Amino acid sequence: MVIVELVSEPFRYIAESVRRDLSKELSIPENDLKIEIPPRYELGDIAIPLHAVSKKLGSSPEHIYDTIKDKLLRNKYIESVSLSSGYLDIWINTQELSKITFHAIEELKDLYGVVRTNNPKRYVVEYVSANPVHPLHIGSGRNAALGIAISSMLKLRGHEVITRFYINDMGRQVAIMVLGFMLLGMPDPPEGVKEDHWIGYIYASTNTIIEIIQLKKKLEKLKEEDPEEYREKLKILDELIADASRLSSKFPSVFDTLVQKLSKIEDPEAEISKLMISYEKASDPQVVKAFRKAVDLCIAGFKKTLETLGAHFDYWDYESDLAWEGVVEQVIQAARSSRYFSYYKGAPALVFDEILKERGIREELRLPKTLEIPPLILMRSDETTLYTVRDIGYSVKKFSETGADYVINIIASEQTLPQAQLRLALYALGFKREASNLIHYSYEMVMLPGQRMSGRRGRYVTLDEVIDMTINKSSEILSGRGVKASEDIAKVIAVSAIKYALASVSPSKQIVFRVEEVLNLERNSAPYIMYTYARASSILNKAESIPPLNEVDFKAGAEGRRRQLLIEISRAPTELTKAIDELKTEDIASMLNRISDLFNSWYQEDQVIRDPDPGARAYKLHLVRGVRQVLAKGLMALGIKPLERI
RNA sequence: GGGCCCGUAGCUCAGCCAGGAUAGAGCGCCGGCCUUCUAAGCCGGCGGUCCGGGGUUCAAAUCCCCGCGGGCCCGCCA
């Protein structure tokens, strides 16, 4: 029987043992010794740069190396050491490493791969929260992919996660949509049209028609007054008309009705404001009914798409409920009696200049160092509230209702400023803990090649379209391989591919969305990793059982790709855990891809089940199980469900 | 005008925060591999002024400064 200590991070365990030895030998603090992973396997498993150390000790790396070499080799986890380019390169003894690693996987089973936190927290993750005026587009897709991944990651780490979707039904955009919706007689979607697509159509049409009407009025004046601006505006009109004709061709009679009814309205702006006031004050039951019906239609469509994606929400919060419950009023009252209350441009506002002078406040609230933060205006002159103010109330609710330690808002980077104002406002109103524990997880926009998406003009790629296209592609490949194309499997694969594509890029990077890229289901994609996982599973199924550790020949992993795989498997828990704590979805993706590449190369050159040597065969089976386990963990961290067969 | 983010191979990206070893992947392109545990696979090849210029350093894709290019924000919109 092999007796080894149970450790959840085998590689790290050894690396730290090495560092401890080195620190003792050199009589320098462990923290001065950096543990690095060499850029290539040939250079060793662990590298400790001696450049800085040598400077500190006043002796050359060569001399240091000569002093410690023999002493380090007494550590049973060290196979060999060498010095190159000022690095102490260390090769780990793979017999020892595989003992520890295989033992850990044997004992920890499904838990191997992510270290459970011993300090569990309660997180609220708010994500998607798309305006209910058009279908979810590919930008919401990025948000959803990140939200799914982050929720999954935190749960795997042992935290509690509560997910929320904020239904922003009080914005101007919704009022525009509702205006069209009411003029049309609150129609249900036609046969075969998904609810959110229908609402999106009404919104884009209403908005475009209103813009055309207003622009035409303006043009009449400009024609004589300012010929130059006239020509410019004419261009915009052309664009609008192009959008209008595209929209019109979809549902001509609906569009015509809107054109007729909207042309009769004297002042559409006033009409929209009236609707907003009426809804916020819940003063007209007809209006409330119309808003809720339209919004709920849209949300029903969202839910279908989100269900397909695997995004689940514990709470669906209507912004209007918040207003009606008086939460927003309370915020405004509190703000008015706050010492930071003042008037800005004649409007009641919270002014942050004084808070921003407090020392360390920017670090505390994670505000960009030099971002100028203007006052937060509390209400419009018609006394209706503003989004960020309502969000103050919502933030407090997110913390208090479920007793959350942290709230993570997954929101596009274009909202950096309002999110900063939000934290400052919370701080100003005395919610200091909330302000410091509110995390804006920011991501850059998704662009379409050559243009920005525009919901207002109905110019977007919907998530539904992308999902359908990817499912088709996936089915094609499945049937091309003679596999009975189960629709479910095609769907799982397609959705995984999309989530991976959107969560594997750093959020700070803008994405130019090209469908072809998501449709590429080869290397560096979720299907590729899932395929690799299924391969590993298949080997284990065929082997029927995994031999006990005492039948393993631990010398079998001494070199080549087996050795590399062992290193990867032993390192995975540390890597995954770190990625989770840093909320870095992209790091998980790259680890998965790297291990898959390695496994597939090995797969090609080395037989597992057919190995005639039982000790080596046993070793390899443990290796395959390890690969399978870390791939499963990583995929699950991204919210992707591994499949046993593809 | 001010601020934030980004700029690495034809294209999409990793590496940058915590500076160090010949800058890594994928797509695309060229050439090979299916009587063998799943070919959504594997092997080989081509491909790079790390946007430009200064500076700090023994050492810069990485840190600092100045530019250039792209995106976003600076509203009683969200």
Side-chain angles (χ1 to χ4, degrees), chain A residues 34 36 38-40 43 47 49-52 55 84-87 89 129 131 133 168 170-174 319 344-349 368-374 377-388 390-391 411-418 420 442-445 447 452 473-474 477-478 480-481 483 493 497 501 504-512 514 516-517 520-532 534-543 582 586-587 589-590 593-594 596-597 599-611 620 624 645-646:
Chain A
K34 220 174 131 192
E36 288 182 11
R40 290 184 305 285
L43 293 170
L50 295 181
H51 317 89
K55 205 170 186 178
S84 72
S85 315
Y87 282 93
D89 291 330
S129 300
N131 286 335
V133 290
N168 193 317
M170 283 177 59
R172 233 188 99 73
Q173 295 179 302
V174 175
E319 196 173 22
Y344 178 69
K345 292 187 183 171
K369 296 165 290 296
T370 47
L371 182 65
E372 218 177 287
I373 304 172
I377 293 185
L378 293 170
M379 56 171 73
R380 299 189 183 94
S381 42
D382 66 5
E383 307 240 306
T384 55
T385 55
L386 288 154
Y387 166 78
T388 309
R390 298 192 293 263
D391 209 7
I411 300 180
S413 68
E414 60 185 353
Q415 292 203 46
T416 301
L417 182 58
S442 158
Y443 63 94
E444 288 292 326
M445 313 291 293
M447 314 284 286
R452 196 187 162 172
K473 175 80 184 259
S474 178
I477 298 175
L478 280 171
R481 292 173 50 208
V483 180
I493 293 174
S504 60
V505 177
S506 307
S508 66
K509 230 140 187 165
Q510 193 176 77
I511 292 182
V512 176
R514 292 184 176 82
E516 317 86 75
E517 278 162 31
N520 168 30
L521 308 182
E522 295 174 6
R523 299 170 69 167
N524 195 17
S525 71
Y528 170 69
I529 294 158
M530 295 166 85
Y531 182 81
T532 310
R535 264 185 163 172
S537 297
S538 172
I539 293 174
L540 296 175
N541 286 335
K542 292 220 158 87
E582 294 173 356
E586 67 273 28
D587 287 1
S590 57
N593 194 51
R594 193 181 64 237
S596 296
D597 283 346
F599 180 77
N600 283 319
S601 297
W602 176 60
Y603 176 90
Q604 206 72 23
E605 68 182 20
D606 202 355
Q607 294 275 323
V608 175
I609 298 171
R610 293 196 181 78
D611 194 317
K620 291 186 203 173
V624 174
R645 290 177 59 84
I646 285 187

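Predicted, not measured: the structure shown is a model, and the values here were computed from it. All values below come from the heavy atoms of this structure, side chains included, with hydrogens, waters and symmetry mates left out.
- The listed nucleotides are B:C37, B:A21, B:C13; the one nearest the side chain of A:Y87 is B:A21.
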Please write out each protein N/O paired with an N/O of nucleotides 57-67 of chain B under 3.5 Å, distance rounded to 0.1 Å.
none

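- Among the atoms of the strands shown, none is found under 4.0 Å from any heavy atom of A:P374.
- Between B:A40, B:U36, B:U12, one nucleotide has an atom nearer to the side chain of A:R610 than all others, and that is B:U36.
- Backbone-only contact: A:L417 has heavy atoms under 4.0 Å from sugar-phosphate atoms and none from a base.
- The cationic atom of A:R535 (NZ for Lys, CZ for Arg) does not lie both less than 6.0 Å from the six-membered ring centre of A:F599 and within 45° of the ring axis.
- Side-chain atoms of A:V174 and A:M170, non-hydrogen and from C-beta on, never get closer than 4.5 Å to each other.
- Annotation for A:R594: atom CZ counts as buried by contact number, over 12 foreign heavy atoms lying within 6.0 Å.
- A distance-only check finds a donor-acceptor pair linking the side chain of A:R390 to the backbone of A:T385 [under 3.5 Å].
- No side-chain heavy atom of A:S596 sits under 4.5 Å from any side-chain heavy atom of A:R523.
- Within the 4.0 angstrom heavy-atom criterion, no nucleotide atom of any strand lies near A:L378.
- Look at A:T370 and you'll find a side-chain N or O under 4.0 angstrom from OP1 or OP2 of B:C4.
- Remark: A:E372 CD is loosely packed, at most 12 non-hydrogen atoms of other residues, nucleotides or ligands lying under 6.0 Å away.
- Between A:E605 and A:K345, the residue whose closest nucleotide on RNA chain B is further toward the 5' end is A:E605.
- With distances taken from any side-chain atom of A:S381 to the nucleotides B:C73, B:C76, B:A40, the minimum falls on B:C76.
- Each of A:P39 and A:S504 has a nearest nucleotide on RNA chain B; the 5'-most of these lies closest to A:S504.
- Nucleotide B:C29 forms a Watson-Crick or G-U wobble pair with B:G45, both donor-acceptor distances falling under 3.5 Å.
- Across B:A40 and B:U49, the matching C1' atoms stand 38 Å from one another, rounded to whole Å.
- Considering only the side chain of A:D89, B:A21 comes nearest among B:A21, B:C27, B:G71.
- At the heavy-atom level, A:L371 lies under 4.0 Å from the strands shown only through sugar-phosphate atoms.
- A:Q607 comes within 4.0 angstrom of a nucleotide base, judged by non-hydrogen atoms across all strands.
- The residue A:S474 sits close to a base: some heavy atom pair falls under 4.0 Å.
- Contact annotation for A:D611: no contact, since no heavy-atom pair falls under 4.0 Å across all strands.
- Between atom OG of residue A:S84 and atom CG of residue A:D89 there is a gap of 4.5 Å, rounded to the nearest 0.5 Å.
- Base pairing of B:C16 is not made with any nucleotide, judged by Watson-Crick or G-U wobble geometry with both donor-acceptor distances under 3.5 Å.
- Rounded to an integer number of Å, the gap from CE of A:M447 to C1' of B:C13 is 18 Å.
- Across B:C17 and B:C77, the matching C1' atoms stand 34 Å from one another, rounded to whole Å.
- Remark: A:E586 CD to A:S508 OG distance equals 7.5 Å, nearest 0.5 Å.
- Taking atom P on both B:G47 and B:C33, the two are 24 Å apart, rounded to the nearest angstrom.
- Residue A:R172 has no polar side-chain atom (N or O) positioned under 4.0 Å from OP1 or OP2 of B:C76.
- When side chains are defined from C-beta on, A:P374 counts as touching A:L417, because their heavy atoms get closer than 4.5 Å.
- When the side-chain nitrogen and oxygen atoms of A:R594 are compared with OP1 and OP2 of B:G24, none of them lie within a distance under 4.0 Å.
- Distance noted for atom C1' between B:G7 and B:C43: 34 Å (whole Å).
- Base orientation at B:C34 is syn, since its O4'-C1' glycosidic dihedral falls within 90° of 0.
- Among the atoms of the strands shown, none is found under 4.0 Å from any heavy atom of A:D382.
- Between the side chain of A:S508 and the base of B:C5 there is no donor-acceptor pair of N/O atoms closer than 3.5 Å.
- Which of B:C5, B:C42, B:A25 sits closest to the side chain of A:N593 comes down to B:A25.
- At a threshold of 4.0 angstrom between heavy atoms, the contacts of A:A412 with the nucleic acid are absent.
- Of the candidate nucleotides B:C5, B:A21, B:G41, B:A21 has the atom lying nearest to any side-chain atom of A:P38.
- Between the side chain of A:N593 and the backbone N or O of A:A589, no donor-acceptor pair lies under 3.5 Å.
- Taking atom P on both B:C58 and B:G2, the two are 35 Å apart, rounded to the nearest angstrom.
- One C1' atom belongs to B:G10, the other to B:C29, and the distance between them is 10 Å to the nearest Å.
- Under a 3.5 Å cut-off, the side chain of A:S538 and the backbone N or O of A:A534 do not form any donor-acceptor pair.
- Using Watson-Crick or G-U wobble geometry with both donor-acceptor distances under 3.5 Å, B:U36 finds no partner in any strand shown.
- Straight-line distance from the CZ atom of A:R514 to the P atom of B:U12: 5 Å, rounded to whole Å.
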Protein N or O to nucleotides 43-45 of chain B N or O, pairs below 3.5 Å:
| unit_1 | atom_1 | unit_2 | atom_2 | d |
| --- | --- | --- | --- | --- |
| B:C43 | OP1 | A:S601 | OG | 2.6 |

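- Base pairing annotation: B:C72 forms a Watson-Crick or G-U wobble pair with B:G3, both donor-acceptor distances under 3.5 Å.
- In this structure, A:G171 reaches the sugar-phosphate backbone alone: every heavy-atom distance under 4.0 Å involves primed, P, OP1 or OP2 atoms, never a base.
- Side-chain atoms of A:N131 never come within 3.5 Å of backbone atoms of A:V133 as a donor-acceptor pair (strictly under, hydrogens ignored).
- Across B:A21, B:G75, B:G71, the shortest atom-to-atom separation from the side chain of A:L43 is found for B:A21.
- Proximity note for A:L386 (side chain, C-beta onward) versus B:U12, B:A78, B:A40: the nearest is B:A78.
- Here the P atom of nucleotide B:A40 and the CD atom of A:E516 are 22 Å apart, to the nearest Å.
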